[in-house]
Amino acid sequence: METLRILHTNDLHSHFEHFPKIRRYLHYVQKNADADQVFTFDAGDFMDRSHPLSDATEGQANIRLMNDFNYDAITIGNNEGISNPHRVLEHLFDHADFPVVLANLREEDESMPKWAKSHLFLTSKKGTRIALVGLTAAYPMTYGPNHWSIKMLGETMDSVMQEIAGQYDLLILITHTGVRMDKWLAKHYPQIDLIVGGHSHTLLAKGLQEGHTWIAQTGKWGNYVGDITLHLDDAHHLLDVKPTTIATASLPEEPGDQQEIDALYNKGKELLERSAVAYLPEKYNNDVEAAISVSLDAIADFAGTDLAMLSTGLFLSPFKSGIINKFDLQHALPHPMHVVRTSLQGRDLWRLCMEVEKNRHFLSHFNLIGMSFRGKIFGQVHYKGIKVDMMTRNVYVRGKLLDPNAEYQIAVLDHYVLIPFFPTLSIVGENEFLFPQFLREVVGSYLSKHYPLKESDVFEEEKQEQQ
């Protein structure tokens with residue numbers, strides 16, 4: 001008989017406020033478990049650049065903290081694979097003390113990323129052969145522009161199953177594909193014994209059994225830690241799987257936890273504040289409308305269009321006058337979103353505007369979750385270069401009545417392509433995703449060009465702070 005414990009996390013999203021409790025729980029079980037061996041896995045989206053320290057260190061702070069969790073293996077999520085520029089992901093794991101298992105991501109030349117591995121290992125007591133396979137959500141339209149080649153799950157698993165045939169007793173997948181796709185994997189590859197998953201933010205408090213396969217997921221943000229017990233017989237056959245989850249809120253807090261959490265935030269803030277971006281005139285001081293207007297100009301300029309649309313909910317805080325730095329921009333626009341240049345026929349641009357206007361009142365107060373959004377409500381849509389007269393249902397572009405047969409280009413966000421409210425964008429739009437800059441970086445670059453810093457501005461600001 002052999003007893004294994006598997007501890008797991010997923011979708012931590014840089015919620016460092018839970019890290020002290022999670023670390024203590026992992027360490028305790030790793031040292032004191034009534035089991036022959038303990039394994040610790042993470043199923044991706046461990047970093048989120050909406051946290052200032054993750055943003056300032058390009059995820060290296062996350063790696064340092066995760067090294068102390070004693071992970072045996074992890075896989076990546078879309079926040080690592082898509083929200084980071086290619087160069088950042090290439091070096092994200094340079095100082096990681098754990099392997100990254102990932103089977104369905106390639107470089108553009110079809111070579112494996114230098115850090116991506118398949119993992120076959122033996123348990124220390126009985127020599128049970130465990131095959132560990134990592135998979136991440138397959139999004140070609142966003143991985144492609146970021147200079148990666150993402151492979152579909154079925155194609156990947158068909159290849160992997162051939163490669164590892166006869167080499168394992170226990171097959172475990174670490175996936176960032178969501179519970180729906182985990183069920184699909186379990187149905188089509190019944191050889192899988194256990195899927196440690198993420199991406200859909202589903203809390204499976206006691207796990208989920210799909211045929212022979214058990215699926216485990218802990219929700220999001222480190223609110224829960226997964227803890228699974230497995231029993232195997234002496235012939236390495238799996239006898240039972242008992243998944244459970246532990247609420248992080250139920251774990252004891254210790255003196256120093258809050259100081260550690262605050263220090264991580266303040267360090268990120270301090271690092272970002274060192275980088276001044278622009279010197280904004282008084283008209284931007286605490287004026288959301290002014291922030292939206294200049295941001296529309298910024299994304300249009302970046303995309304090479306004269307039309308654009310943005311929503312007010314993106315702006316978690318307005319800009320200020322005077323020196324604006326990277327922390328100000330990160331605090332105002334924390335979303336890992338990219339600009340998209342969309343080409344539409346005039347009749348389709350008209351339809352897009354009608355979709356916006358139809359949903360305008362609803363979206364102005366709609367609590368939106370996911371799809372790269374880090375705010376609270378979607379808010380009101382603002383246009384650049386477009387006016388809509390709903391009395392006549394006419395759309396005017398650059399002051400002229402829209403031509404239904406003409407082609408137009410408009411700068412939008414990947415967020416608008418992904419959410420369900422503007423189907424025209426995803427159905428008929430020719431969408432070019434523009435990587436690697438985030439929305440806030442696009443805006444920051446535009447501000448720095450149009451409101452450049454001068455030495456006198458910096459001197460005056462420092463002088464006022466000293467007074």
Side-chain angles (χ1 to χ4, degrees), residues 5-15 18-19 22 25-26 38-48 59 62-63 65-67 69-84 89 92-93 96 98-105 115-119 130-139 150 153 156-157 160 170-186 189 192-205 207-208 210 213-228 230 241 243-246 248 370:
R5 286 275 288 276
I6 294 179
L7 306 173
H8 61 102
T9 54
N10 62 267
D11 296 277
L12 294 173
H13 283 276
S14 296
H15 275 259
H18 295 314
F19 274 36
I22 292 173
Y25 182 81
L26 297 180
V38 178
F39 297 99
T40 309
F41 302 139
D42 181 81
D45 271 9
F46 53 83
M47 72 171 287
D48 193 315
N62 297 69
I63 299 301
L65 292 165
M66 292 171 70
N67 281 341
F69 284 6
N70 300 325
Y71 285 113
D72 291 282
I74 73 158
T75 197
I76 71 164
N78 46 287
N79 267 267
E80 290 82 50
I82 297 171
S83 295
N84 284 315
L89 182 57
L92 183 59
F93 303 105
F98 44 80
V100 182
V101 292
L102 185 60
N104 67 321
L105 189 68
W115 39 259
K117 296 177 174 64
S118 293
H119 215 53
I130 300 178
L132 201 61
V133 178
L135 297 170
T136 197
Y139 295 140
I150 190 75
L153 302 184
T156 302
M157 283 300 295
V160 167
L170 191 65
L171 177 54
I172 299 175
L173 267 59
I174 308 178
T175 69
H176 193 84
T177 61
V179 71
R180 184 176 66 85
M181 291 308 300
D182 288 344
K183 289 180 181 180
W184 183 90
L185 288 164
Y189 303 93
I192 302 169
D193 296 294
L194 173 65
I195 297 176
V196 174
H199 187 50
S200 57
H201 295 185
T202 308
L203 175 61
L204 301 175
L208 171 69
E210 187 76 15
T213 307
W214 278 91
I215 301 169
Q217 193 178 149
T218 66
K220 63 180 180 179
W221 300 352
N223 292 330
Y224 292 83
V225 179
D227 194 337
I228 308 167
L230 300 87
V241 179
T244 190
T245 50
I246 293 85
T248 308

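Numbering starts at 1 and runs along the sequence shown. This one's a predicted model, so the numbers in the text were calculated from it and none came from an experiment. Basis for what follows: all heavy atoms, side chains included, without hydrogens, waters or symmetry-related copies.
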Colleague: What class does the angle between the rings of His201 and His13 fall in, given that below 30° is parallel, 30 to 60° is tilted and above 60° is perpendicular?
Modeller: perpendicular

Colleague: Give a yes or no on whether Lys183 atom NZ has more than 12 heavy-atom contacts from other residues, nucleotides or ligands under 6.0 Å away.
Modeller: no

Colleague: Taking Asn10 for the side chain and Gly44 for the main chain, is one N or O donor matched with an acceptor at less than 3.5 Å?
Modeller: no

Colleague: Has the side chain of Glu80 got a donor or acceptor atom that lies under 3.5 Å from a matching backbone atom of Asp45?
Modeller: yes

Colleague: Hey, is the main chain of Gly178 close enough, under 3.5 Å, to the side chain of Ser200 for a donor-acceptor pair?
Modeller: no

Colleague: Quick one: side-chain contact (heavy atoms from CB on, under 4.5 Å) partners of Ala131, sequence neighbours excluded?
Modeller: Leu120, Ile164, Tyr168, Leu171

Colleague: Judged by atom type as modelled, is there a donor-acceptor pair below 3.5 Å linking the side chain of Asn104 to the main-chain atoms of Thr136?
Modeller: yes

Colleague: Around atom CH2 of Trp115, are there more than 12 heavy atoms from other residues, nucleotides or ligands closer than 6.0 Å?
Modeller: yes

Colleague: Would you find a donor on one side and an acceptor on the other, under 3.5 Å apart, between the side chain of Asp193 and the backbone of Thr213?
Modeller: no

Colleague: Can you confirm whether Ile174 sits close enough to Ile74 that some side-chain heavy atom of one is under 4.5 Å from a side-chain heavy atom of the other?
Modeller: no

Colleague: Do other residues, nucleotides or ligands put more than 12 heavy atoms under 6.0 Å from the OH atom of Tyr224?
Modeller: no

Colleague: I'd like to know if the side chain of Thr248 and the backbone of Asn223 have a donor-acceptor N/O pair within less than 3.5 Å.
Modeller: yes

Colleague: Indicate the ring-plane relationship of His176 and His199, choosing parallel, tilted or perpendicular according to the 30° and 60° boundaries.
Modeller: tilted

Colleague: Quick check on side-chain contact (heavy atoms from CB on, under 4.5 Å): which of Leu7, Thr218, Ile6 does Asp227 satisfy it with?
Modeller: Leu7

Colleague: Under the side chain to side chain donor-acceptor pair (under 3.5 Å) rule, collect the residues that match up with Asn84, sequence neighbours excluded.
Modeller: Arg49

